[in-house]
Participant: 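Quick one: this structure, given as C-alpha cells, is what I'll be asking you about.
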Amino acid sequence: MKLNKAIAVYFSPTGNSRKCALATAGVIGRNIEEIDLTKTVSFNESMKFDINDFIVFSAPVYGGRLFKGFAEKLSNMNGNFAKCIGIVTYGNRDYDDALLEMKNILIDKNFIPLGFGAIVGRHTYGQIQVDRPNNADLENCRVLAKGVLEKIEKGIFSIPDVKGNFPYKDGGNGGSFYPQTEDTCKKCGLCAKSCPQGAISFDDFKTIDTNKCISCFRCIRICPFGSKVMNTKEYIEFADMFSQKLSVPKEDEIFV
Ligand SMILES: Cc1cc2nc3c(=O)[nH]c(=O)nc-3n(C[C@H](O)[C@H](O)[C@H](O)COP(=O)(O)O)c2cc1C
Ligand code: SF4
Ligand code: SF4
C-alpha cells in the first residue's frame, strides 16, 4: 500500500510530544507536514485527510488523562479512514487512562489507529527525567512506527488494545501554578505570543489570567532571558517532594 505523506499533529507546550511525533513520522516519510495545535485555537475544518495519508498524533498526559484542550481541538476533524499512530507523553508518574482516551477519540474521528505509544518525557514540574525523551525514547518511537509499517505491508489493520479504564478517571485539566515575571523582563512578548491559552496580557507581560492559564510552563521554558519563573514556596516544596517521589525512571510502552 502506498502512503501519501506523513503528518505530525501535536499539542506540545514544552516540546516532548512534538519530538516524539517527529521521530515517529520520520520513519514513515521524509517530508513531514506538521500541524501544531499548541498555538492555534482549533483544527481548521477545511483541512481534509486522505485515506493514504499517515498521521501521527501526540499530546501530553495531564492528571492521568489526555489534556482536554487537545480533544477539543480535534473536535472538527474527520480522518476519512486514514491510518495513524497515537502517542501520549507523560512525566514519569503514570499515563493512567490517557492512551485509551487517545485511542477512542481517534476511532471516533474516523481514523484507523494501528499503533500506540506511551513515552516518558521531562515532567513539567520539578526535576524529573529532565533529559527525556532521550535517544532511547525516540528510538522506541521509531520501533513503533516500523511495527505499524510492517502491519500495513502484511495487510493487518487491527487496532491494538491499550492499557486504561473506562469510565476514565477525572483529569485532563491544567495545574494551578501561575508563573511570575522577574524585573529582568525585556518585554519582548515571546511568552504572550507562545502561550497556548492566550493567558498572558499583551499590554503587560507580567499579567496572567489565572482562569485561562493551565500551568503548562511553556512561557517559562521559552523566555530567552529566564524572566518567567515559578518560585513560590508552595511550588518549590511540591517540586522537591515530587522530584524525589518520581526519581526512578519508567519504561516506555508501545502497542502494535
Ligand atoms: C497540569 C499537568 C498535569 C500533568 N499530569 C501528569 C500525569 O498525570 N502523569 C505524568 O506522568 N505526567 C504528568 N504531567 C507531565 C506531562 O505529561 C509531561 O511533562 C509531558 O511530556 C509534557 O508534554 P509536552 O512537552 O509535549 O508539553 C503533567 C503536566 C502538567 C502541566
Ligand atoms: S518572554 Fe521573557 S522577556 Fe519576553 S516578555 Fe515574556 S517574560 Fe518578558
Ligand atoms: S501563562 Fe500559563 S498557559 Fe500560558 S504559557 Fe504560561 S503556564 Fe502555560
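Note that ligands are numbered from 1 as they come in the structure, with each ligand's atoms numbered from 1 the same way.
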Participant: How does Asp94 reach ligand 1, if at all, at less than 4.0 Å between non-hydrogen atoms: by side chain, backbone, both, or neither?
Facilitator: backbone

Participant: So that I know where these two stand, are Phe116 and Phe111 an aromatic pair - ring centroids less than 6.0 Å apart?
Facilitator: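 That pair fails the under 6.0 Å test.
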
Participant: Do Phe238 and Phe177 have ring centroids that are under 6.0 Å from one another?
Facilitator: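 Yes, ring centres under 6.0 Å apart.
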
Participant: Looking at Ala82 and Ile55, what are the two nearest heavy atoms and their distance?
Facilitator: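 That closest heavy-atom pairing would be CB-CD1, 3.5 Å.
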
Participant: Which residue holds the protein heavy atom closest to atom 8 (Fe) of ligand 2, what is that atom called, and what is the gap in Å?
Facilitator: Cys185 SG, 2.4 Å

Participant: Between Arg142 and Asp137, does at least one N-O distance fall below 4.0 Å, as a salt bridge requires?
Facilitator: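 Salt bridge: no.
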
Participant: Checking a contact table here: which protein heavy atom is nearest atom 28 (C) of ligand 1, and how many Å away?
Facilitator: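 Of every protein heavy atom, Val61 O, 3.3 Å lies nearest to atom 28 (C) of ligand 1.
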
Participant: Can you check which of Gly174, Pro60, Cys20, Gly15 brings a heavy atom nearest to atom 23 (O) of ligand 1?
Facilitator: Pro60

Participant: Is it the side chain (CB and beyond), the backbone, both or neither of Tyr95 that lies under 4.0 Å from ligand 1, heavy atoms counted?
Facilitator: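 Answer for Tyr95: neither.
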
Participant: Does a donor on one side chain sit under 3.5 Å from an acceptor on the other, for Thr184 and Ser227?
Facilitator: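 Yes, Ser227 and Thr184 have a side-chain donor paired with an acceptor closer than 3.5 Å.
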
Participant: Does Asp204 come within less than 4.0 Å of Lys187, counting only side-chain N to carboxylate O?
Facilitator: no

Participant: Any heavy atom of Tyr125 closer to ligand 1 than 4.0 angstrom?
Facilitator: yes

Participant: Please report whether the ring centroid of Tyr10 lies less than 6.0 Å from that of Phe57.
Facilitator: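 No, they do not, as the ring centres are separated by 6.0 Å or more.
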
Participant: Quick test: of every protein heavy atom, which one is nearest to atom 4 (Fe) of ligand 2, and how far off is it to 0.1 Å?
Facilitator: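 That would be Cys188 SG, 2.3 Å.
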
Participant: Can you check which of His123, Arg18, Arg65 brings a heavy atom nearest to atom 15 (C) of ligand 1?
Facilitator: His123

Participant: Could you state the interatomic distance from NZ (Lys193) to CD1 (Ile222), rounded to the nearest 0.5 Å?
Facilitator: 10.5 Å

Participant: At a 4.0 Å threshold, what atoms of ligand 2 neighbour a non-hydrogen atom of Phe205?
Facilitator: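 Within the 4.0 Å cut-off of Phe205, ligand 2 contributes 5 (S).
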
Participant: Kindly indicate, with the supporting measurements, whether the criterion ring-ring contact (aromatic ring centres under 6.0 Å, His included) is fulfilled by Tyr62 and Tyr125.
Facilitator: CA-CA 12 Å; Tyr62 280 7; Tyr125 307 139; 8.4 Å; no

Participant: Using a 4.0 Å heavy-atom cut-off, say whether Arg218 meets ligand 1 through its side chain, its backbone, both or neither.
Facilitator: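 Within the 4.0 Å criterion, Arg218 makes no contact with ligand 1.
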
Participant: Quick test: of every protein heavy atom, which one is nearest to atom 2 (C) of ligand 1, and how far off is it to 0.1 Å?
Facilitator: Tyr62 CD1, 3.6 Å

Participant: Students should be able to answer this: which protein heavy-atom is nearest to atom 1 (C) of ligand 1, and at what distance?
Facilitator: Gly175 N, 3.3 Å

Participant: Tell me which protein heavy atom sits closest to atom 7 (S) of ligand 3, plus the residue, atom name and distance to 0.1 Å.
Facilitator: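 Its nearest protein heavy-atom neighbour is Phe217 N, 3.3 Å.
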
Participant: Inspect the contact between Arg18 and Glu34 and indicate whether a charged nitrogen and a carboxylate oxygen are less than 4.0 angstrom apart.
Facilitator: yes

Participant: Hey, does Cys219 have a side-chain heavy atom less than 4.5 Å from the side chain of Pro179?
Facilitator: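 In short, these two side chains touch, coming nearer than 4.5 Å.
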
Participant: Could you tell me the residue and atom name of the protein heavy atom closest to atom 19 (O) of ligand 1, and the distance to it rounded to 0.1 Å?
Facilitator: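 Checked against all protein heavy atoms, atom 19 (O) of ligand 1 sits closest to Arg122 O, 2.7 Å.
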
Participant: Using a 4.0 Å cut-off to any heavy atom of Lys186, which atoms of ligand 2 qualify?
Facilitator: 3 (S), 8 (Fe)

Participant: Hey, which atoms in ligand 1 end up nearer than 4.0 Å to a heavy atom of Pro13?
Facilitator: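 The list of qualifying atoms is 27 (O).
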
Participant: For Gly63, take its heavy atoms, then give the atoms of ligand 1 lying under 4.0 Å from any of them.
Facilitator: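 Listed by number with element, the hits are 3 (C), 4 (C), 5 (N), 6 (C), 7 (C), 8 (O).
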
Participant: Which protein heavy atom lies closest to atom 5 (S) of ligand 2, and at what distance to 0.1 Å?
Facilitator: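 The answer is Gly189 N, 3.2 Å.
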
Participant: Where is the nearest protein heavy atom to atom 10 (C) of ligand 1: which residue, which atom, and how far?
Facilitator: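 Of the protein heavy atoms, Gly91 N, 3.3 Å lies nearest.
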
Participant: Can you confirm if the NZ or CZ of Lys186 lies within 45° of the ring axis of Phe225 and under 6.0 Å from the centre of its six-membered ring?
Facilitator: yes

Participant: What atoms in ligand 2 come closer than 4.0 Å to a heavy atom of Lys228?
Facilitator: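 It comes down to these atoms of ligand 2: 7 (S).
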
Participant: Considering only the protein, which heavy-atom contact is closest to atom 25 (O) of ligand 1, and what is its distance?
Facilitator: Thr14 OG1, 2.5 Å

Participant: Count the heavy atoms of every other residue, nucleotide or ligand shown that sit under 6.0 Å from CG of Asp131, and state whether that count exceeds 12.
Facilitator: yes

Participant: Run Tyr95 and Tyr90 through ring-ring contact (aromatic ring centres under 6.0 Å, His included) and show every step you take.
Facilitator: CA-CA 6 Å; Tyr95 61 91; Tyr90 71 106; 5.4 Å; yes

Participant: For atom 20 (C) of ligand 1, what is the closest protein heavy atom, and at what distance to 0.1 Å?
Facilitator: Thr89 OG1, 3.4 Å

Participant: Exactly one of Asn140, Thr89, Val143 should register a side chain to side chain contact (heavy atoms under 4.5 Å, CB included) with Asp252. Which one does?
Facilitator: Asn140

Participant: Salt bridge between Lys169 and Asp97, side-chain N to carboxylate O under 4.0 Å?
Facilitator: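 Here Lys169 does not pair with Asp97 in a salt bridge, since their nearest N and O are not under 4.0 Å apart.
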
Participant: Identify the protein heavy atom lying closest to atom 29 (C) of ligand 1, giving its residue, its atom name and the separation to 0.1 Å.
Facilitator: Thr124 OG1, 3.3 Å

Participant: Identify the two heavy atoms, one from Ile128 and one from Gly91, that lie closest to each other, and give their separation to 0.1 Å.
Facilitator: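 It is CG2-O, 3.6 Å.
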
Participant: For ligand 1, note which part of Ser215 has a heavy atom under 4.0 Å away: side chain, backbone, both or neither.
Facilitator: backbone

Participant: Pull up every protein N/O/S atom sitting under 2.8 Å from atom 4 (Fe) of ligand 3, skipping waters.
Facilitator: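 For atom 4 (Fe) of ligand 3, the protein N, O and S atoms that sit under 2.8 Å away are Cys195 SG.
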
Participant: Are any of the N/O atoms in Gly64 less than 3.5 Å from those in ligand 1?
Facilitator: yes

Participant: Check ligand 1 against Asn92 and write out every atom of the ligand that is under 4.0 Å from a heavy-atom position of the residue.
Facilitator: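 Ligand 1 atoms under the 4.0 Å threshold to Asn92: 11 (O).
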
Participant: List the atom of Met102, the atom of Ile87, and the distance in Å for their closest heavy-atom pair.
Facilitator: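 That would be CE-O, 3.2 Å.
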
Participant: Of the protein's non-hydrogen atoms, which lies at the shortest distance from atom 2 (Fe) of ligand 2, and what is that distance?
Facilitator: Cys223 SG, 2.3 Å

Participant: If the cut-off is 4.0 Å to any non-hydrogen atom of Phe225, which atoms of ligand 2 fall inside it?
Facilitator: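 So the atoms of ligand 2 that pass are 3 (S).
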
Participant: Go through Tyr168 and Arg65 one step at a time and tell me if the side-chain hydrogen bond (donor to acceptor under 3.5 Å, both in side chains) criterion holds.
Facilitator: CA-CA 8 Å; Tyr168 309 127; Arg65 293 275 305 274; over 6 Å; no

Participant: Hey, is Lys146 close enough to Glu150 for a salt bridge, meaning N to O under 4.0 Å?
Facilitator: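 Between Glu150 and Lys146 there is no salt bridge, as every charged N stays at least 4.0 Å from the carboxylate O atoms.
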
